[in-house]
Amino acid sequence: MTLILALDFGGTKLAAATVNLGSREWLRYERRLSPVNADANTDLEIMRSLVHSLLQDTKPAAIGVSFGGPVDATTGCVRLSHHVAGWENLPLKQLLEQEFGVQAYVDNDANIAALGEHRFGAGQGYDSLFYITISTGVGGGWILNNQPWRGSVGMAGEIGHIVVDPNGPVCLCGKRGCVERLASGPYMAQNARELLTRERKIGTILRDLVGDNLDLITGQLVSQAAASGDDLAQEVLQKSAWALGVGIGNVANLVNPQLFILGGSVTKAGNRWWEVLSQVARETALPEVDLKIVPAALGDDAPLWGAVALTQVRR
Ligand SMILES: [Zn+2]
């Protein structure tokens, strides 16, 4: 039996699991929320205690790690975390290898999710796919010729910052009208808030959902209000689907992967969101480009399964 240890540093949560290679069931599994004022040290300390309780007297053959932020996958060095302080240039692979005496592999969560879906989820049997997560942010990861493709400095797959509306609102990256600026959960909430502030007579269902306290609006509530027939929420959601559809259509024209897999909380926004994005992607892609867009299959454990797959990638 080959024991694999999989770790997920998720920004707000930490998870660790062990599995015998070839099995699709965890041997042991531990999950903990990251404390409110977490930094890299507290996260590492919590992860260490999870791992020791998982492993006890056993030793893994390899460690795979999903990290929620940019990583140099070659050196296994974290560049930074967007959510937790103190991760700047932290040599995570090296730390783990010193502590556990086995090979460790580290990659960012979007690349890991692409790999997990390819080996264990919706992408099984395809040799080229693009995985997109639409959640707090919008990110992506490539599988090309059955292998991860990270680009020259690990920046491949940043569909979130493809510009689809050059005159649109300003994104956190400084450009206007990025896919993420229109499609992510927090930006959908912000767009709804701005429209509600400007126009008092529309969006009454959404307004009622938060008792007129617009600060409470989330991407999920926008979806909920849209499903209940709220005009303003439907407009915001439509824009999200439109932006993503334009992005996907352009990516299809450029690389023509066999499959697009969509995961993350915003993909639960309902059938209408899926219909609009599929239609817009179809209209954006050339007629000769085949387009297949499906939901992700692995759910919350995607980072851990991807981390298992990462230990098995041919190098
Ligand atoms: Zn941007």
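One-based numbering, in listed order, for ligands and for the atoms of each. Here the structure is a predicted model, which is why all the values come from computation and not from measurement.
Between Asp72 and Arg150 there is no salt bridge, since no side-chain N of the basic residue sits under 4.0 Å from a carboxylate O of the acidic one. Using a cutoff of 4.0 Å between basic side-chain nitrogens and carboxylate oxygens, Asp230 and Arg207 are not scored as salt-bridged. For Asp300 and Arg31, the salt-bridge test fails: no basic side-chain N is under 4.0 Å from an acidic carboxylate O.
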(request) Could you check Ser223 against Lys268 for side-chain contact (heavy atoms from CB on, under 4.5 Å), going step by step and ending with a plain yes or no? (result) CA-CA 8 Å; Ser223 306; Lys268 300 184 177 77; over 6 Å; no
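Summarising the local packing, CD of Gln220 is surrounded by 12 or fewer heavy atoms from other residues, nucleotides or ligands at distances under 6.0 Å.
Aromatic ring pairs are classed by plane angle as parallel below 30°, tilted from 30° to 60° and perpendicular above 60°; the pair Phe9 and Phe67 is tilted.
Protein atoms that are N, O or S and lie under 2.8 Å from the Zn ion (ligand 1) are these: His161 ND1, Cys171 SG, Cys173 SG, Cys178 SG.
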